Enquirer: 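What follows is a structure written as structure tokens; I'll ask about it next.
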Amino acid sequence: TTEIYTLSLHDALPICTLHQGEDAAHEMQRHQDIVDSLQAFSEADDLKRVALEVIAFSTPPGKLEELRHMFVNMDTDDSGTLSIEEFKKAMALHPEIPMAQVEKMFHDMDITHSGEVDYTEFIAAANAKNASAEKPSIIAAFNMLDRDGDGTITKNDLQDMLGRDFTPDEIDQMIKDSGASGEPPVLSFSQFKHMMLKKDGARLQKMTVHGKVPDHTDGSGEPRSEA
């Protein structure tokens, strides 16, 4: 099994590299791809954000290094989290994005509604476009959400993964919004892949992932279905 865990910023980044080089606003200005990912994450539906959150730790090392550096530059008070003011400063050289949208992007990243964005939340949002478009990431996310390994994502799978943070009605709505079919609705891998690749957006209100993640691959990297 694979343990879901929160990425540790200061364990991952040597202290001597903190706040070196250009400031966050100029660094963000150079990385339109990251801005695009933050916007895509803000527009994503609930289950897609859940998927991006649970696979945030599997971001490729090179990309993770780039995002670590940006997060540290944004985190000017070295708290290990981003405040809305720090995020606004980082977005200051993007006048084409209205302030109301910048604030929405921040609040949508803040999945746990703590008032701050932690490292894992930032990684999930900042790599959203890459992760959601790559087949290995889509497969990994599906396998993590398919808790019982039966080749589909069900209400019970999501209830097990998301713990006490969603009501049964909220789980029902999440899986219906994802494009699931049947009664009760279940989400196949092809439907999940379509959801990950499409552009849309029901807002995510809250999420905490609990427990361990099983490996349901069949050895080829595809989700393993029941015989």
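Note that the structure is a prediction, hence the values are computed from the model and not measured.
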Enquirer: For the residue pair Glu53 and Ala124, what are the closest heavy atoms and their distance?
Expert: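 Heavy atoms only, the tightest pair is OE1-CB, 3.7 Å.
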Enquirer: Check whether any side-chain heavy atom of Asp148 sits under 4.5 Å from a side-chain heavy atom of Asn156, and report yes or no.
Expert: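 They are not in contact (no side-chain heavy atoms under 4.5 Å apart), so the answer is no.
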Enquirer: Between OG of Ser83 and CZ of Phe106, what distance do you get to the nearest 0.5 Å?
Expert: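 CZ of Phe106 is found 6.5 Å from OG of Ser83.
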Enquirer: Would you find a donor on one side and an acceptor on the other, under 3.5 Å apart, between the side chain of Lys48 and the backbone of Lys198?
Expert: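 Yes.
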Enquirer: If we only count heavy atoms from C-beta on, is the Leu82 to Glu116 side-chain gap below 4.5 Å?
Expert: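 No; the side chains remain at least 4.5 Å from each other.
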Enquirer: Carefully, step by step, assess His69 and Asn73 under the rule side-chain contact (heavy atoms from CB on, under 4.5 Å).
Expert: CA-CA 6 Å; His69 190 276; Asn73 269 356; 3.5 Å; yes
Enquirer: Please lay out, stage by stage, how Gln39 and Lys129 fare under the test side-chain contact (heavy atoms from CB on, under 4.5 Å).
Expert: CA-CA 9 Å; Gln39 291 179 301; Lys129 289 194 74 173; over 6 Å; no
Enquirer: Can you confirm whether Leu38 sits close enough to Phe87 that some side-chain heavy atom of one is under 4.5 Å from a side-chain heavy atom of the other?
Expert: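 The answer is yes; the side chains approach within 4.5 Å.
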Enquirer: Specify the closest pair of heavy atoms between Phe122 and Val117, including all atoms of both residues, with the distance to one decimal.
Expert: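 Scanning both residues completely, I find the closest heavy atoms to be N-CG1, 3.8 Å.
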Enquirer: Hey, are Lys155 and Asp169 close enough for a salt bridge, meaning a charged N less than 4.0 Å from a carboxylate O?
Expert: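 So Lys155 does not pair with Asp169 through a salt bridge.
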Enquirer: Quick check: does any side chain N or O of Thr152 sit under 3.5 Å from a backbone N or O of Val186, one acting as donor and the other as acceptor?
Expert: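 Absent.
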Enquirer: Please confirm whether the backbone N or O of Ala25 pairs with a side-chain atom of Arg30, one donor and one acceptor, at under 3.5 Å?
Expert: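 Judged by distance alone, no pair lies under 3.5 Å.
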Enquirer: Over all heavy atoms of both residues, which pair between Ile153 and Ile175 is shortest? Give the atoms and the distance, please.
Expert: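 Shortest heavy-atom contact: O-CD1, 3.3 Å.
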Enquirer: What pair of heavy atoms forms the shortest contact from Ile138 to Phe189, and how long is it?
Expert: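 The answer is CG2-CE1, 3.9 Å.
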Enquirer: Locate the shortest heavy-atom distance separating Ala128 from Phe41; write the atom from each residue and the value.
Expert: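 Closest heavy-atom pair between Ala128 and Phe41: CB-CB, 3.9 Å.
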Enquirer: As an exercise, state the distance from OG1 of Thr59 to CZ of Arg68, rounded to the nearest 0.5 Å.
Expert: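 Result: 10.0 Å between the selected atoms.
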Enquirer: Would you indicate whether the side-chain heavy atoms of Lys176 and Leu187 approach each other to under 4.5 Å?
Expert: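 No, side chains not in contact.
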Enquirer: To the nearest 0.5 Å, what is the distance between CE on Met174 and CD1 on Ile171?
Expert: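 Going from CE on Met174 over to CD1 on Ile171, the span is 5.0 Å.
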Enquirer: Indicate yes or no for a side-chain donor-acceptor contact from Asp23 to the backbone of His26 under 3.5 Å, with no hydrogens or angles considered.
Expert: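 Checked: pair present.
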Enquirer: Are Ser79 and Asp75 linked by a side-chain donor-acceptor pair shorter than 3.5 Å?
Expert: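 Ser79 vs Asp75: donor-acceptor pair found between side chains.
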Enquirer: Apply salt bridge (Lys or Arg N to Asp or Glu O under 4.0 Å) to Lys193 and list each qualifying residue two or more places apart in sequence or on a separate chain.
Expert: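 None.
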Enquirer: Has the side chain of Gln191 got a donor or acceptor atom that lies under 3.5 Å from a matching backbone atom of Ser188?
Expert: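 Checking the backbone N and O of Ser188 against the side chain of Gln191, a donor-acceptor pair under 3.5 Å is found.
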Enquirer: Any side-chain to backbone donor/acceptor pair from Asp110 onto Gly115? Under 3.5 Å, distance only.
Expert: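 Here the side-chain-to-backbone pair exists.
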Enquirer: Under a 3.5 Å distance rule, please check whether Glu121 uses its side chain to pair with a backbone N or O of Asp118 as donor and acceptor.
Expert: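 At least one qualifying donor-acceptor pair exists.
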Enquirer: Identify whether the distance between the nearest side-chain nitrogen and carboxylate oxygen of Asp108 and Lys104 falls below 4.0 Å.
Expert: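 Between Lys104 and Asp108 there is a salt bridge, with a charged N closer than 4.0 Å to a carboxylate O.
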Enquirer: Could you walk me through whether Leu47 and Asp177 satisfy the side-chain contact (heavy atoms from CB on, under 4.5 Å) test, starting with their C-alpha distance in whole Å, then the side-chain angles of each, then the deciding distance to 0.1 Å, before giving a yes or no?
Expert: CA-CA 8 Å; Leu47 187 55; Asp177 289 343; over 6 Å; no
Enquirer: Given 3.5 Å as the limit, does a donor-acceptor pair link the side chain of Arg147 with the main chain of Asp160, or not?
Expert: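 It does not hold such a pair.
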Enquirer: Between Lys89 and Glu86 (salt bridge meaning N to carboxylate O under 4.0 Å), is one present in this structure?
Expert: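 So Lys89 does not pair with Glu86 through a salt bridge.
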Enquirer: Does His31, at its NE2 atom, have more than 12 non-hydrogen atoms belonging to other residues, nucleotides or ligands within less than 6.0 Å?
Expert: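 It does: His31 NE2 has more than 12 such atoms within range.
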Enquirer: Could you measure the distance from the OG atom of Ser178 to the CE atom of Met196? Nearest 0.5 Å is fine.
Expert: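 Separation between the atoms: 11.5 Å.
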Enquirer: Students often mix this up, so state it plainly: with edges at 30° and 60°, are the rings of Tyr119 and Phe71 parallel, tilted or perpendicular?
Expert: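 Perpendicular, since the angle between the ring planes exceeds 60°.
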Enquirer: If you round to the nearest 0.5 Å, how far is CE of Met109 from CD1 of Ile84?
Expert: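 Rounded to the nearest 0.5 Å, the CD1-CE separation comes to 9.0 Å.
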Enquirer: May I ask you to test the Leu158-Glu170 pair for a side-chain heavy-atom distance under 4.5 Å?
Expert: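 Side chain of Leu158 against side chain of Glu170, heavy atoms only: no contact under 4.5 Å found.
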Enquirer: With side-chain contact (heavy atoms from CB on, under 4.5 Å) as the test, would you mind laying out the steps for Ile97 and Met105 before giving the verdict?
Expert: CA-CA 10 Å; Ile97 303 178; Met105 290 163 64; 4.3 Å; yes
Enquirer: Just how far is it from atom OG of Ser137 to atom CG of Asn130, taken to the nearest 0.5 Å?
Expert: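 With rounding to 0.5 Å, OG (Ser137) is 8.5 Å from CG (Asn130).
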Enquirer: If you take all heavy atoms of His94 and Met28, which pair is closest and at what distance?
Expert: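 Scanning both residues, the minimum pair turns out to be NE2-O, 3.4 Å.
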Enquirer: Any donor and acceptor pair, going by atom type alone, linking the side chain of Asp146 with main-chain N or O of Asp150 inside 3.5 Å?
Expert: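 Confirmed, Asp146 side chain pairs with Asp150 backbone.
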Enquirer: I'd like to check Pro185 versus Glu183 (side-chain heavy atoms, cut-off strictly below 4.5 Å). Are they in contact?
Expert: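 A side-chain contact exists here, since the closest heavy-atom pair is under 4.5 Å.
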